[in-house]
Amino acid sequence: MKFKDGFLVHACDSAGGIGELKDDVLKVPVEIIARYTLRTALMEVISIGSKPLSVSAEFANNPEYVRGAIDEIRKMIERFSLPLVISTEKNFKTSQTGLGISVVGFVRNPIIGNAPRGSDVFVAGYPFVGDEVLKYEDKILSFDDFLNLRNHDDVGEIIPVGSSGIFEEAKLLAQNSELDLKINDESWLHKSAGPSTCVVFWSYGKPEIGIPIKKIGSLE
């Protein structure tokens, strides 16, 4: 949303059927679900250079069940000193986990588009979804590494990858700069990356950021 001196940015993410209740499809501690859902929304706001301003968390579950998840959220946003608004289900007993998290931020000049022709396109992290997130957690792009990537002078637009896969987000990267995407190997780029376990970005050259990154193509 454009204002006179910048843009209000709003990102959200949700999760359902993943948790510790009877009807959850994938049994995972609700604290972990909250952590990754919040992480996704934060990454989407920060990726364009925005400063987070506030967080809201909506749980379709009883307060007792999500107490640990709320503590996890509070711990994660301490570094940003963000206010937190919370809603939980207090009228009905639930048998399946459901939550949504929103992050609001502000940016004067969004880092979107403006890639020079010939820029390289990279992926940091690996696409994982479901129980793969826990099984291969050491290969997921960490939140701290994501922040270091965003703060690197040679890194342009960053797009966190979700269920649509790396290829779709890389196409958006090209579209935002009105360029064409040239891919080296498309075969593995359609897999869901679940809760943004990786990001795609363009850079003037391979940035030295101390984490594994893979070139997947270029913008022409």
Side-chain angles (χ1 to χ4, degrees), residues 7 9 11 13 35-36 38-52 76-80 103 105-129 132-162 164-220:
F7 295 83
V9 181
D13 193 37
R35 182 195 314 154
Y36 276 101
L38 170 60
R39 165 196 149 107
T40 296
L42 278 173
M43 288 171 67
E44 289 177 347
V45 167
I46 295 171
S47 65
I48 62 169
S50 177
K51 178 183 178 181
M76 284 185 66
I77 64 176
E78 276 181 2
R79 68 196 299 171
F80 301 107
V103 177
F106 183 81
V107 61
R108 296 191 185 280
N109 300 297
I111 307 173
I112 299 176
N114 297 318
R117 192 176 302 275
S119 297
D120 293 324
V121 180
F122 297 92
V123 171
Y126 297 86
F128 296 122
V129 67
E132 294 175 332
V133 175
L134 297 180
K135 187 176 180 181
Y136 302 109
E137 196 164 13
D138 60 322
K139 294 185 177 181
I140 292 172
L141 178 68
S142 74
F143 189 66
D144 285 338
D145 285 338
F146 164 75
L147 293 178
N148 290 335
L149 186 67
R150 177 62 288 162
N151 292 328
H152 197 286
D153 291 338
D154 292 336
V155 173
E157 183 176 359
I158 300 174
I159 300 182
V161 181
S164 60
I166 295 168
F167 183 68
E168 291 301 319
E169 303 294 12
K171 284 199 302 183
L172 179 60
L173 202 70
Q175 178 183 323
N176 288 345
S177 291
E178 299 182 346
L179 296 171
D180 294 322
L181 175 66
K182 303 297 182 183
I183 289 293
N184 300 331
D185 176 14
E186 186 184 325
S187 60
W188 64 285
L189 303 179
H190 296 278
K191 185 177 184 294
S192 170
S196 298
T197 60
C198 63
V199 300
V200 62
F201 65 95
W202 66 260
S203 177
Y204 298 109
K206 188 173 183 179
E208 296 298 329
I209 52 177
I211 61 173
I213 60 175
K214 181 178 177 62
K215 179 181 174 181
I216 62 170
S218 60
L219 302 177
E220 305 294 342

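Below, each value reflects all heavy atoms present in this structure, side chains not excepted, and no hydrogens, waters or symmetry copies.
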Roughly how far apart are Ile48 CD1 and Ile112 CD1, rounded to 0.5 Å?
4.5 Å
Could you check if a side-chain atom of Lys206 sits within less than 4.5 angstrom of a side-chain atom of Asp120, using non-hydrogen atoms only?
no
Kindly indicate whether the side chain of Pro207, heavy atoms from C-beta on, has any atom under 4.5 Å from the side chain of Ile213.
yes
Would a distance-only check, ignoring hydrogens and angles, find a side-chain to backbone donor-acceptor pair under 3.5 Å from Lys139 to Tyr126?
no
Closer than 3.5 angstrom, by distance alone: can the side chain of Thr40 be matched with the main-chain N or O of Pro195 as a donor-acceptor pair?
yes
Would you say Val200 and Ile158 make side-chain contact, with heavy atoms under 4.5 Å?
no
Just by modelled atom types, is the Ser196 backbone N or O under 3.5 Å from a matching donor or acceptor in the Arg39 side chain?
yes
How far does CH2 of Trp202 sit from CG of Leu181, to the nearest 0.5 angstrom?
14.5 Å
Has Arg150 got a side-chain atom pairing as donor or acceptor with Val155's backbone, closer than 3.5 angstrom?
yes
Using only atom types and a distance under 3.5 Å, with no angle test, would you say the side chain of Ser50 pairs donor to acceptor with the backbone of Phe106?
yes
For the CD1 atom of Ile166 and the CD atom of Glu169, what is their distance to the nearest 0.5 Å?
9.5 Å
Is the side chain of Ser177 donor-acceptor paired with the backbone N or O of Asn114 at a distance under 3.5 Å, no angle test?
yes
Side-chain heavy-atom pair Phe122, Leu149 within 4.5 angstrom cut-off
no
Please determine whether a side-chain nitrogen of the Lys or Arg among Lys135 and Glu132 lies less than 4.0 Å from a carboxylate oxygen of the Asp or Glu.
no
Give the minimum heavy-atom separation between Cys198 and Ala193, together with the two atoms involved.
SG-CB, 3.8 Å
For Glu220, I'd like to know if atom CD has over 12 heavy atoms of other residues, nucleotides or ligands within 6.0 Å.
yes
Minimal heavy-atom distance between Ala170 and Ile216, with the atoms involved, is CB-CD1, 4.3 Å
Does atom CG of Asp144 have more than 12 heavy-atom neighbours, drawn from other residues, nucleotides or ligands, at distances under 6.0 Å?
yes
Do Ile46 and Pro52 come within less than 4.5 Å of each other through their side chains, counting heavy atoms only?
yes
Please work out whether the ring planes of Tyr136 and Phe128 are parallel, tilted or perpendicular, with thresholds of 30° and 60°.
parallel
Greater than 12 external heavy atoms within 6.0 Å of Lys214's NZ:
no
Decide yes or no for Tyr36 and Ile140: does some side-chain heavy atom of the first lie under 4.5 Å from some side-chain heavy atom of the second?
yes
Above 12 or not: heavy atoms from other molecules or residues under 6.0 Å from CG of Asn184?
yes
So which atom in Phe167 and which in His190 form the shortest heavy-atom distance, rounded to 0.1 Å?
CD2-CE1, 3.4 Å
Any side-chain heavy atom of Leu38 within less than 4.5 Å of one from Val103?
yes
Measure across Leu173 and Phe201 and return the closest heavy-atom pair with its distance rounded to 0.1 Å.
CD2-C, 3.7 Å
Check the pair Leu42, Phe146 against side chain to side chain contact (heavy atoms under 4.5 Å, CB included), reporting the backbone distance first and the verdict last.
CA-CA 11 Å; Leu42 278 173; Phe146 164 75; over 6 Å; no
Heavy-atom closest contact (Ala174 atom, Asp180 atom, distance)
CB-C, 4.1 Å
Any donor-acceptor pair under 3.5 Å linking the side chain of Asp145 with the backbone of Leu141?
no
Closest non-hydrogen atom pair between Glu157 and Asn176, with its separation:
OE2-ND2, 2.7 Å
